[in-house]
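Have a look at the structure below before the remarks.
Worth saying up front: this structure is predicted, and the values here are computed from it rather than measured.
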Amino acid sequence: MGLGVRWTLHGDGKTPAPGAVVRPDERLSWPRTFGLGAQHVVAMFGASFVAPVLMGLDPNLAIMMSGVATAIFLLATRGQVPSYLGCSLSFVGVAATIRASGGSSAVVTGAVFVVGVVLFLAGLAVQRFGARIIHAAMPPVVTGAVVMLIGFNLAPVTASTYWPQDQWTALLVMLFTGLAVVCLRGFFSRIAIFLGLVFGYALSWALDRIFGKIHSPVGGAEAVDHWRLDLSGVGKADWIGLPSFHAPSFEWSAILVALPVVIALIAENAGHVKAVGEMTGASLDDKLGTAIAADGAASMLSTAVGGPPNTTYSENIGVMAATRVYSTAAYWAAACFALLFGLCPKFGAVVAAIPGGVLGGITVILYGMIGLLGAQIWLHGKVDLRNPLNLVPAAAGIIIGVGGVSLKITDNFELSGIALGTIVVITGYHVLRAFAPAHLKTQEPLLDSGTSAYDEPAPTDKA
């Protein structure tokens, strides 16, 4: 398939045959392929433009670089791993922590650039030594705990910054989004976050017309009178133009805060490659290292010009599962659409105008979902939390990460929050495992009787 830019026509080019799928090296007719590409853009929209807004970065640049990142990924994997790369929500907490300590956008992107470098090197290592090195260094108990503390670390951002701006709008948006996720079916359920944003946008506009300005804090500042939805920037923005670029800046304290997210990104990529392999019926295990390295390279390029980091998007896996079309041609079309959106500053101004109360309702669900992905990793990995070898490091790391516990090393350097929590989980697990008795290290599935590998055998009655 060369570089993955040649495709054979599937059947009549209209719809997959009953029980058949459109493979990555196939495509439907070009009008249908571009239609599917537009569908992929809509699916990734909700998270991919909310994330840069929450990180304080340019949403236009984020969308544009998501298209570039997707193209890089498709070329690197030679069109065998259909995937869309959008802005990673895993870094929202990192950005909030860096900004809380006085860091600028350049410092945020500099820290994340280093994460991209480490992710790229991790991909090369997986390519060279196989996926077993990931499982050895980061078993499910470690990966799940780190993802969980990254998500739950964001709770104070919602509680102190977004929700107070308009609590009733936030509550209604939260309820609407929750109903959309649960009650809608198929494609619409997968874009529930996007629909929640649209609902909140319209609701804020209506409340402004009915009740006038609201008196509330803006971005954690003092309470003032302000419009819920301020569209003044939209009228001033041009229809066509380049997004705002800036160079990254590097600070060790910020880099240490960001590095733990590498674990989450590796887990996301591994899960994506596995899911796509299962759906297409192709073995993609040998592509895991390439996928991780491509993600790292794309994130390096994006952050080098001031954009956010990228990761594979599960929303687009859902689109593929619903349509049974895994053609990488559709992803090339999506990448082209994203590039065009990135060249429209007016679109970026509309995104930047999302009211704080709307973000409050969305982030209550979104941040919680990020955290609970860690629990999902535990479930898939059959992690037994009755085993103290698993329970102790995970419990300690999560509380440190979520609670913002700090450890002062010198007068000018301290570890806290996500960084310290991740170090405790990883080193704690491996150190405890080195000293743990043999029966705690035995990794066996739980028995039906409820006993585990480290439980004493239950006494039996013999007649």
Please round to the nearest 0.5 Å and tell me the distance separating atom CG of Leu184 and atom CG of Leu195. 6.5 Å

Taking side-chain contact (heavy atoms from CB on, under 4.5 Å) as the test, write out the residues that go with Ser249, two or more places apart. Ala106, Val107

Could you go through the side chain to side chain donor-acceptor pair (under 3.5 Å) check for Ser105 and Arg99 one step at a time? CA-CA 8 Å; Ser105 293; Arg99 290 185 182 280; 2.6 Å; yes

Report the C-alpha distance between Asp295 and Leu119 in whole Å, list the side-chain angles of each, state the deciding distance to 0.1 Å, and finish with yes or no for side chain to side chain contact (heavy atoms under 4.5 Å, CB included). CA-CA 7 Å; Asp295 191 347; Leu119 185 64; 3.8 Å; yes

Answer whether the closest heavy-atom distance between the side chains of His430 and Ile426 falls below 4.5 Å. yes

Restricting to non-hydrogen atoms, name the atom on Ile400 and the atom on Gly421 that form the minimum distance, rounded to 0.1 Å. CG2-N, 3.7 Å

Counting distance only, does the side-chain N/O of Ser302 pair as donor-acceptor with the main-chain N or O of Pro308 below 3.5 Å? yes

For Gln127, what residues pass the side-chain hydrogen bond (donor to acceptor under 3.5 Å, both in side chains) criterion, not counting sequence neighbours? Thr290

Return the set of residues passing side-chain contact (heavy atoms from CB on, under 4.5 Å) with Val305 (not counting sequence neighbours), or none when no residue passes. Leu61, Met65, Phe245

In terms of heavy-atom contacts, Pro52 and Pro59 come closest through CG-CA, 4.0 Å

Rounded to the nearest 0.5 angstrom, the CE-CG distance for Met64 and Leu339 is 6.5 Å

If I compare all heavy atoms of Gly397 with all of Val424, which pair ends up nearest, and what's the gap? N-CG1, 3.9 Å

Any salt bridge (charged side-chain N to carboxylate O under 4.0 Å, His left out) pairs touching residues 196-209, not counting sequence neighbours? Asp208-Arg228

Gap separating the CD1 atom of Ile362 from the CG atom of Leu197, nearest 0.5 angstrom: 4.5 Å

Side chain to side chain contact (heavy atoms under 4.5 Å, CB included), that's the test. Do Leu229 and Ile354 meet it? Break it down for me. CA-CA 7 Å; Leu229 178 61; Ile354 297 172; over 6 Å; no

Is any side-chain heavy atom of Phe91 closer than 4.5 Å to a side-chain heavy atom of Leu57? no

Mind listing the side-chain donor-acceptor pairs of residues 169-183 below 3.5 Å, one per line with the distance, residues two or more places apart or on another chain?
from: Thr169; atom 1: OG1; to: Asp166; atom 2: OD1; distance (Å): 3.4
from: Thr169; atom 1: OG1; to: Asp166; atom 2: OD2; distance (Å): 2.6
from: Thr177; atom 1: OG1; to: Val173; atom 2: O; distance (Å): 2.8

Would you say Ser299's side chain and Asn310's backbone share a donor-acceptor pair under 3.5 angstrom? yes

Between Pro355 and Tyr201, the two heavy atoms sitting closest are CD-CD1, 4.3 Å

Taking only residues two or more places apart in sequence or in another chain, which ones pass side-chain hydrogen bond (donor to acceptor under 3.5 Å, both in side chains) with His246? Thr109

Can Phe199 and Val358 be said to form a side chain to side chain contact (heavy atoms under 4.5 Å, CB included), step by step? CA-CA 9 Å; Phe199 169 78; Val358 176; over 6 Å; no

Side chain to side chain donor-acceptor pair (under 3.5 Å) pairs, two or more places apart, involving residues 368-381: Gln376-His380

Mind listing the closest non-hydrogen atom pair of Pro164 and Pro217 along with its distance? O-CD, 3.8 Å

Distance in Å, Ile292 CD1 paired with Thr312 OG1, rounded so as to fall on 0.5 Å steps: 9.5 Å

Salt bridge (charged side-chain N to carboxylate O under 4.0 Å, His left out) partners for Asp58, two or more places apart: none

So, using side-chain contact (heavy atoms from CB on, under 4.5 Å) as the criterion, who are the partners of Phe113 when residues are at least two apart? Val117, Phe250, Met300, Thr303, Ala304

Grab the two heavy atoms, one from Leu74 and one from Val81, that are nearest each other, plus how far apart they are. CD2-O, 4.1 Å

Tell me if the CH2 atom of Trp227 is crowded by more than 12 foreign heavy atoms within 6.0 Å. yes

I want to check something: taking the side chain as every heavy atom from C-beta on, are Met55 and Pro309 in contact at a cut-off of under 4.5 Å? yes

Between CG of Leu85 and OH of Tyr331, what distance do you get to the nearest 0.5 Å? 10.5 Å

Value for CZ (Phe211) from CH2 (Trp168), rounded to nearest 0.5 Å, stands at 12.0 Å

What residue pairs, at least two apart or across chains, pass side chain to side chain donor-acceptor pair (under 3.5 Å) with a residue in residues 60-77? Ser66-Tyr84

Run the side-chain contact (heavy atoms from CB on, under 4.5 Å) test against Gln167 and tell me which residues pass, sequence neighbours left out. Trp163

All side-chain hydrogen bond (donor to acceptor under 3.5 Å, both in side chains) counterparts of Thr143, not counting sequence neighbours: none

